[in-house]
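Everything on this sheet refers to the single structure shown next.
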Amino acid sequence: MFSGRFARHQRLLRPAEFKQVFERPCKISDKHLTLLCRQNDLPHARLGLAIAKKQVKTAVARNRIKRMSRETFREQQTMLAGLDIVVLARTSAAQLTPQELRRVLENLWLRLVKKCKS
RNA sequence: GGAGUUGGCCAGGUAAUCGCUGGAGAGUUUUCUCUCUGGAGGAAAGUCCGGGCUCCAUAGGGCAGAGUGCCAGGUAACGCCUGGGCGGCGUGAGCCGACGGAAAGUGCCGCAGAAAAUAUACCGCCGAUGGUCCCAUCCCCCCCCACAGGGGCCAGGUAAGGGUGAAAUGGUGUGGUAAGAGCGCACCGCGCAGCUGGUAACAGCUGUGGCAAGGUAAACCCCACUCGGAGCAAGACCAAAUAGGGGAACAAUGUGUGGCCCACACAGUUCCCGGGUAGGUUGCUUGAGGUAUACGGUGACGUGUAUCCCAGAUGAAUGAUUAUCCAAGACAGAACCCGGCUUAUAGGCCAACUCCACUC
């Protein structure tokens, strides 16, 4: 499959970093997920996950969304370079199968690049 | 073979590629790269109990509050487990039970029912006894003596019966009576006493008492026993930036008090100290540990020996894709750690036992 890593510096780690993205976001969403993004001054992209317990009840479903987000991010990261992205889940996201989730995410990444890179 | 009961176990497999993360080693000694090796559960869940650990509080005792509640044992401890007793359910293997006290007191008991705690009213039964009235019979001039039927009403007797109800003042039978009643008796039940068995809960037997006047304590309550509070965001350590605190040194420095020096106060520069925020480290996985085996015990479990190290993340790792096999994959994701309980769960496997049918 794809080569491509997902190391520590490619994640949003601190509350302050999340706050930056939430403040002036470029927003993309469908009925399952919402993506927020913002330009950073780095040569690579960074991903943050904010899957609320209130929206997605079981830990298994939360993990599934997080893992799939990371995985698809890892595959698409070259075209996302220079962006800080936060993924938010809605209630319906818990019902998706892994295959559906993958399709939804890949679609969203493409829309995100179109909108926010320009 | 079918139906079932109990206990235990498993929880998709294999291969390739690309990732995440703990540890060890090497290179590089910011940090990254490479190699090897480990990486969710039976419930990790609910947070309902119990304990370890940490900090705080604490002479001792009482009250309040909460919990537990047949007996014995196991355990670090428990509301858990094991064995036993009693009661209930099942043809049976087995299963279920907050299972102390209602002659300390208070409260409550819908509907139905005569009546729901008061031994009495009501309906009903009887009317022997006492009173009264009527009819029949007998006698008749009157008196005395003997014999004497049926019925109504009243006084009164009665707790047997009254289709109800979860529950109605022991049950069944028999004697007894005007009708009845533990009023008497037999058996069963209950209370009390003794003896026997058992560590005990309790059981059995014998004797004795006519039986003492519902239920509810998961209603208050009484009795016995147990319990200090908060939780790993506990707690310990390191520690920027900024502001402020204390101390020391510096000086021909400035301002104020003063006529001036000295001195004092506030500023200045440098250094040190303690508190402490962001952030980081630690607590953090070797433990009431697992596996095997021997011995003790009905068993829960205990003791000895050997052997193994088996997740430790911190925006939070354990995944993705492809191929393939089959019976086509349920519930579900560690967050300081253990022991339980409860709840969710596609299926599959093993052992012991029970009932039914059939064959020999």
Side-chain angles (χ1 to χ4, degrees):
Chain A
M1 275 309 294
F2 260 99
S3 73
R5 307 185 61 83
F6 183 54
R8 198 144 199 89
H9 61 82
Q10 290 171 278
R11 304 177 194 179
L12 295 176
L13 296 170
R14 300 178 181 201
E17 295 168 348
F18 272 82
K19 212 171 167 189
Q20 268 192 342
V21 178
F22 278 114
E23 234 143 59
R24 275 173 37 221
C26 162
K27 201 165 160 187
I28 285 239
S29 64
D30 72 352
K31 64 184 174 195
H32 305 299
L33 299 169
T34 300
L35 276 74
L36 305 178
C37 104
R38 191 166 198 249
Q39 295 275 347
N40 62 19
D41 300 326
L42 301 166
H44 53 78
R46 294 192 300 183
L47 177 69
L49 298 163
I51 315 299
K53 201 171 182 181
K54 200 173 176 185
Q55 300 295 329
V56 182
K57 293 282 194 298
T58 67
V60 172
R62 282 199 298 280
N63 276 345
R64 189 164 58 233
I65 294 165
K66 286 194 229 170
R67 282 165 183 164
M68 204 47 94
S69 302
R70 285 197 208 98
E71 189 62 23
T72 51
F73 173 84
R74 193 169 66 79
E75 290 164 7
Q76 310 289 334
Q77 58 180 293
T78 39
M79 73 176 184
L80 297 168
L83 296 172
D84 280 348
I85 302 161
V86 174
V87 177
L88 297 165
R90 301 188 179 193
T91 314
S92 61
Q95 265 93 53
L96 296 173
T97 63
Q99 289 75 35
E100 290 170 335
L101 198 56
R102 171 171 277 268
R103 226 181 42 241
V104 165
L105 276 160
E106 280 170 351
N107 185 29
L108 281 172
W109 293 130
L110 288 173
R111 284 173 58 197
L112 187 75
V113 171
K114 251 187 210 165
K115 186 173 178 191
C116 299
K117 276 279 199 170
S118 54

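Everything quoted here is computed from the prediction, not taken from an experiment. Numbers restart at 1 for each chain; the letters A, B, ... are given by sequence-line order, proteins then strands.
Of the P atoms belonging to B/G339 and B/C81, the separation is 16 Å, rounded to the nearest Å. To the nearest whole angstrom, the two P atoms, one in B/U281 and one in B/A239, are 15 Å apart. The separation of B/G231 from B/C222, taken at their C1' atoms, amounts to 37 Å, rounded to a whole angstrom. The same atom, C1', is picked in B/A114 and in B/A119; the two are 14 Å apart, to the nearest Å. Rounded to the nearest Å, the gap between the C1' atom of B/G348 and that of B/A330 is 12 Å. Spacing of P atoms, B/A112 relative to B/C63, comes out at 49 Å, to the nearest Å. A distance of about 15 Å separates the C1' atoms of B/G315 and B/U21, rounded to the whole Å. With C1' as the reference atom, B/A212 and B/C126 are 30 Å apart, rounded to whole Å.
In a base pair of the Watson-Crick type (N1 to N3 plus N6-O4 or O6-N4) or a G-U wobble (N1-O2 and O6-N3), with each distance short of 3.5 Å, B/U226 is matched with B/A66. The base-pairing partner of B/A179, taking Watson-Crick or G-U wobble contacts with both distances under 3.5 Å, does not exist among the strands shown. Base pairing of B/U172 is made with B/A186, judged by Watson-Crick or G-U wobble geometry with both donor-acceptor distances under 3.5 Å. Base pairing of B/G329 is made with B/C326, judged by Watson-Crick or G-U wobble geometry with both donor-acceptor distances under 3.5 Å. Shown here, B/U253 forms a base pair with B/A267; the pair counts as Watson-Crick or G-U wobble because both key distances fall under 3.5 Å. Taking a pair to require two hydrogen-bonding distances under 3.5 Å in either a Watson-Crick or a G-U wobble arrangement, B/A352 pairs with B/U5. Taking a pair to require two hydrogen-bonding distances under 3.5 Å in either a Watson-Crick or a G-U wobble arrangement, B/C205 pairs with B/G194. Nucleotide B/G231 forms a Watson-Crick or G-U wobble pair with B/C53, both donor-acceptor distances falling under 3.5 Å.
Rounded to an integer number of Å, the gap from A/Q10 CD to B/G19 P is 11 Å. Atom pair A/N63:CG and B/A45:C1' shows a separation of 14 Å (rounding to whole Å applied). Between A/K66 atom NZ and B/U314 atom P there is a gap of 12 Å when expressed in whole angstrom units. Here B/A317 presents its P atom at 13 Å from CD1 of A/I65, a figure rounded to the nearest Å. B/A332 atom P lies 12 Å from atom CD of A/Q95, rounded to whole Å. The CZ-P distance, from A/F73 to B/C20, rounds to 12 Å in whole Å. At whole-Å resolution of the value, CD in A/Q99 and C1' in B/G319 are 14 Å apart. As rounded to whole Å, 6 Å separates atom P of B/A316 from atom CG of A/L49.
Not one N or O on the side chain of A/S69 forms a donor-acceptor pair closer than 3.5 Å with the backbone of A/L49. In terms of modelled atom types and a separation under 3.5 Å, the side chain of A/R64 and the main chain of A/T97 share no donor-acceptor contact. In this structure, the side chain of A/D30 engages the main chain of A/L33 through a donor-acceptor pair within 3.5 Å.
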### Message
If you apply the rule side chain to side chain contact (heavy atoms under 4.5 Å, CB included), what do you find for A/L112 with A/L108, and how did you get there?
### Response
CA-CA 6 Å; A/L112 187 75; A/L108 281 172; over 6 Å; no
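Taking 4.0 angstrom as the limit, A/R67 places none of its side-chain polar atoms (N or O) nearer than this to OP1 or OP2 of B/G19. Phosphate proximity of B/C20 to A/R74: absent, as no side-chain N or O sits under 4.0 Å from OP1 or OP2. Contact between the side-chain N/O atoms of A/R70 and the OP1/OP2 oxygens of B/A317 is found at a separation under 4.0 Å.
Within a heavy-atom distance below 4.0 Å of RNA chain B, the residues of residues 50-59 of chain A found are A/A50, A/T58, A/A59.
Under the 90° criterion around 0 for the glycosidic angle, B/C310 counts as syn. In this structure B/U285 sits in the syn conformation; its chi angle is within 90° of 0. Base orientation of B/A40: syn, the glycosidic angle falling within 90° of 0. Base orientation of B/G315: anti, the glycosidic angle falling outside 90° of 0.
Using a 4.5 Å cut-off on side-chain heavy atoms (C-beta onward), A/L47 and A/R74 make no contact. Taking the side chain as every heavy atom from C-beta outward, A/L83 and A/Q39 approach each other to under 4.5 Å. A/F73 is not listed as a side-chain neighbour of A/L105, based on a closest heavy-atom distance of 4.5 Å or more.
With B/A332, B/C18, B/A320 as the choices, the nucleotide that has an atom nearest any side-chain atom of A/M68 turns out to be B/A320.
Classification of A/R103 and A/E100 as a salt-bridged pair fails, no side-chain N sitting under 4.0 Å from a carboxylate O.
A distance of 11.5 Å separates NE2 in A/H32 from OG1 in A/T34, rounded to the nearest 0.5 Å.
Nearest-nucleotide positions on RNA chain B place A/R64 closer to the 5' end than the other of A/V60 and A/R64. Residue-to-nucleotide proximity on RNA chain B shows that, of A/E71 and A/A61, the 5′-proximal contact is made by A/E71.
The stretch residues 80-90 of chain A participates, sequence neighbours left out, in these salt bridge (Lys or Arg N to Asp or Glu O under 4.0 Å) pairs: A/R46-A/D84.
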